[in-house]
Amino acid sequence: MFTFEVVAGAAVRQQLDENRGEVVDMVQSAYQHHQAGETINPDSYFLRFPEKPDSRIIALPALLRGDVQLAGIKWIASFPKNVAAGRPRASAVLILNDYETGYPIACLEAANISAARTAASAAVAARALRPGGLVGGRVAVVGGGVIARNICEYLHVVGCRPDTYVVHDIHEASGESLVAHLQSQGRAAKFSPALDEALDADIVVFATTALEPYVTRQFRPGQLVLNVSLRDLAPETVLGAHNILDDVDHCLKANTSPHLAEQLTGNRDFVTGTLADVLNEDVTVDDSKPVIFSPFGLGVLDIAVGAYVLDRARAAGQATDIPGFFGETSRW
């Protein structure tokens, strides 16, 4: 029998918020499955609009084998001007397909899934790339939106306990909102209008909507930079660090900061390895340079997290079946 289910945003968010540790595990496992060749993860497709150069809708198709055996596609819109109207920048849906029949089995609200898998990937990287630990010091967050909030939550899950968070955003109200959220969780946090103060922190998280680099300074040895928004750093800054990517071919495109570094040098020698290389202990980084983690964002992560959320929502009675969704279920 063919069924099609819908999981709405409130249920998605509940399952994610209640199971962040499991989401971290799912994301780490998906990276390792990807490294082992148990995925298909084509290039993302960007729908752009000439009259709205800062906006786009991206299609991320993928297949995750292993114990998931689902294909799917995330269709995610990024419209930064939504922020000025008090709306989240991103909105998304995730379609999951049965790998045996190809039939779509579910549609999930996916802005929350996308934010969670992005934040969890940053947390996995922080845990793997800070062998000295995540306790003490300062964590700076550049950009005060939904992704930044989620990253802070997932860093907490993997044991990040800084003495203070420093938040910087050119939109002060957004930065102050993130500070208030962190303080409501019992964490020391302050807003800083000075970008340089944020860039001096032990861990620096970029979660902005920047379209081109504005950070030209070098980071110091031992700093960890989570380059989540991908376009904040000048190529010279990238070249002065150990560079860990989620997927080399995916990340070196679309004028990301690592792609600009490749264009500048004409080679990929500056790439130290992938996060899965680090997780599998095939690559190590030392404190002779700063470490920059640049995740382009893999569709297989959305499939992994989406499949987990679907299972949890089914168990909780939160997946709504759509009777008669398929017009025909037999050939004759």
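Count residues from 1 along the sequence.
- No donor-acceptor contact under 3.5 angstrom links the side chains of H168 and S192, judged on distance only.
- Aromatic rings of Y165 and F191 (six-membered ring for Trp) have centroids beyond the 6.0 Å cut-off, not under it.
- Side-chain contact check for E236 versus T216: every heavy-atom pair is 4.5 Å or farther apart.
- In the hydrophobic cluster analysis, where Ile, Leu, Val, Met, Phe, Trp and Tyr join through side-chain heavy atoms closer than 4.5 angstrom, I244 is grouped together with L155.
- A cation-pi arrangement is present between K253 and F296 under the rule of less than 6.0 angstrom and at most 45 degrees off the ring axis.
- Using a 3.5 Å distance cut-off with no hydrogens or angles, the side chains of K74 and S114 do pair a donor with an acceptor.
- How far CG of N112 is from CD of Q14: 12.0 Å, rounded to the nearest 0.5 Å.
- A donor-acceptor contact shorter than 3.5 Å links the side chain of S229 to the backbone of F206.
- Judged by distance alone, the side chains of Q28 and R127 do bring a donor and an acceptor atom under 3.5 Å apart.
- Distance check, rounded to the nearest 0.5 Å: SG of C251 to CG of L230 gives 5.5 Å.
- A salt bridge links D249 with R268: the closest approach of a Lys/Arg side-chain nitrogen to an acidic carboxylate oxygen falls below 4.0 angstrom.
- For the pair R138 and D200, the minimum side-chain heavy-atom distance is below 4.5 Å.
- A donor-acceptor contact under 3.5 angstrom links the side chains of Q263 and N255, judged on distance only.
- Looking at L94, I113, L298 one by one, the single match for side chain to side chain contact (heavy atoms under 4.5 Å, CB included) with I303 turns out to be L94.
- A heavy-atom distance below 4.5 Å is not found between the side chains of S288 and P221.
- Taking CG of L226 as the start and OG1 of T118 as the end, the distance is 12.0 Å to the nearest 0.5 Å.
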*Dump the intermediate steps for side chain to side chain donor-acceptor pair (under 3.5 Å) on H171 and S174, then the final yes or no.*
CA-CA 6 Å; H171 185 247; S174 295; 2.5 Å; yes
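- V141 has its side chain within reach of C152: a pair of non-hydrogen atoms, C-beta onward, lies under 4.5 Å apart.
- One finds a salt bridge joining R220 and D202 here, because a Lys/Arg side-chain nitrogen approaches an Asp/Glu carboxylate oxygen to under 4.0 Å.
- Using a 4.5 Å heavy-atom threshold, the side chains of D246 and S121 count as separate.
- No side-chain donor-acceptor contact under 3.5 Å links S257 and R231.
- Atom CG of residue D43 and atom CD1 of residue I58 lie 12.5 Å apart, to the nearest 0.5 angstrom.
- Applying the ring pair (Phe, Tyr, Trp, His ring centres under 6.0 Å) rule to Y103 yields the partners F2, F326; only residues at least two apart in sequence or on another chain are considered.
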*Might you work through the side chain to side chain donor-acceptor pair (under 3.5 Å) test for H181 and E153, ending with a clear yes or no?*
CA-CA 10 Å; H181 173 75; E153 298 296 346; 2.5 Å; yes
_Evaluation steps, side chain to side chain donor-acceptor pair (under 3.5 Å), between H250 and N41_ = CA-CA 9 Å; H250 279 77; N41 201 107; 3.2 Å; yes
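- H242 NE2 to F270 CZ: the interatomic distance, rounded to the nearest 0.5 Å, is 14.5 Å.
- Atom OG1 of residue T256 and atom CD of residue E262 lie 8.5 Å apart, to the nearest 0.5 angstrom.
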